[in-house]
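Notes follow the structure.
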Amino acid sequence: MALAAAVVLGAVFLAAGVLKLSAVAQWQSQAAGLGVPRSVASVVPYIEMVVGALLLVQLQRSVMAWVAAAVLVAFTAVLARQLQRGLRPPCACFGSLSARPIGAGTLVRNGVLLAVALVAALA
């Protein structure tokens, strides 16, 4: 179960990072709309790709799953803060594939991914 969870989570993180870099100007703009400083936004895709790749090859699976969980908590906090303010900017979570405004579904998706991360970390 932990192996499958790590592979799924790794694929999601790797895809998210690659898709952000494939539309980097859009990612930077939408990240700014979410209130993410440019210096942080510029490294997010690389963190996602490294964590994703390490999860896929099962290198330090538990540690990387905890890192992924921490990243997901941070992402979710940023999204929840915007929703609490009544703002619904686009997420850009998956580059140009996710240009829709954030909403409750975005938080649910992150919650599911966080659960997957915990399975990968704890099992």
Side-chain angles (χ1 to χ4, degrees):
M1 183 76 123
L3 172 67
V7 168
V8 167
L9 189 62
V12 169
F13 264 63
L14 189 59
V18 168
L19 289 167
K20 282 178 180 81
L21 287 180
S22 72
V24 73
Q26 179 184 3
W27 158 243
Q28 292 284 345
S29 172
Q30 290 178 339
L34 288 167
V36 177
R38 186 175 182 93
S39 60
V40 174
S42 65
V43 299
V44 166
Y46 299 102
I47 292 169
E48 289 176 322
M49 289 187 307
V50 168
V51 170
L54 292 174
L55 283 167
L56 282 172
V57 299
Q58 302 294 299
L59 188 61
Q60 297 291 318
R61 181 188 74 221
S62 182
V63 172
M64 288 300 107
W66 282 115
V67 170
V71 169
L72 286 163
V73 167
F75 288 170
T76 305
V78 167
L79 297 171
R81 188 179 85 204
Q82 294 302 319
L83 289 172
Q84 183 180 30
R85 292 178 174 171
L87 303 173
R88 295 191 62 217
C91 174
C93 302
F94 296 94
S96 61
L97 296 181
S98 58
R100 294 184 319 196
I102 62 171
T106 314
L107 299 178
V108 170
R109 180 199 62 218
N110 281 13
V112 169
L113 289 172
L114 182 55
V116 172
L118 293 177
V119 168
L122 296 173

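Computed from heavy atoms alone, side chains included, the values below leave out hydrogens, waters and symmetry copies.
Tracing side-chain contacts under 4.5 Å through hydrophobic residues (I, L, V, M, F, W, Y), one reaches L59 starting from M64; they form part of the same cluster. Hydrophobic clustering, with ILVMFWY side chains joined whenever heavy atoms are under 4.5 angstrom apart, keeps L9 apart from V18. V12 and Y46 fall into different hydrophobic clusters, where Ile, Leu, Val, Met, Phe, Trp and Tyr side chains are chained together by heavy-atom contacts under 4.5 Å.
Around atom CZ of R100, no more than 12 heavy atoms belonging to other residues, nucleotides or ligands sit under 6.0 Å away.
Between the side chain of S42 and the backbone N or O of S39, at least one donor-acceptor pair lies under 3.5 Å. Of the possible polar contacts, none joining the R61 side chain to the L55 backbone as a donor-acceptor pair under 3.5 Å is found. One N or O on the side chain of W27 and one on the backbone of A41 form a donor-acceptor pair closer than 3.5 Å. Here the side chain of Q82 pairs a donor or acceptor atom with the backbone of L34 at under 3.5 angstrom.
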Show, in sequence, the C-alpha distance, side-chain angles and deciding distance for V51 and V71, and conclude whether the side-chain contact (heavy atoms from CB on, under 4.5 Å) test is met. CA-CA 10 Å; V51 170; V71 169; 5.6 Å; no
Show your reasoning for whether side-chain contact (heavy atoms from CB on, under 4.5 Å) applies to V119 and M1. CA-CA 7 Å; V119 168; M1 183 76 123; 3.7 Å; yes
Could you go through L113 and F13, starting from their C-alpha distance and side-chain angles, then the distance that decides it, and tell me whether this counts as side-chain contact (heavy atoms from CB on, under 4.5 Å)? CA-CA 10 Å; L113 289 172; F13 264 63; 5.7 Å; no
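Atom CG of L79 and atom CG of L72 lie 10.0 Å apart (nearest 0.5 Å). The CG atom of L114 sits 12.5 Å away from atom CZ of R109, with the distance rounded to the nearest 0.5 Å. Going from atom SG of C93 over to atom CD of E48 covers 8.5 Å, rounded to the nearest 0.5 Å.
Proximity of L21 to M49: side-chain heavy atoms (C-beta onward) are separated by under 4.5 Å at one or more points.
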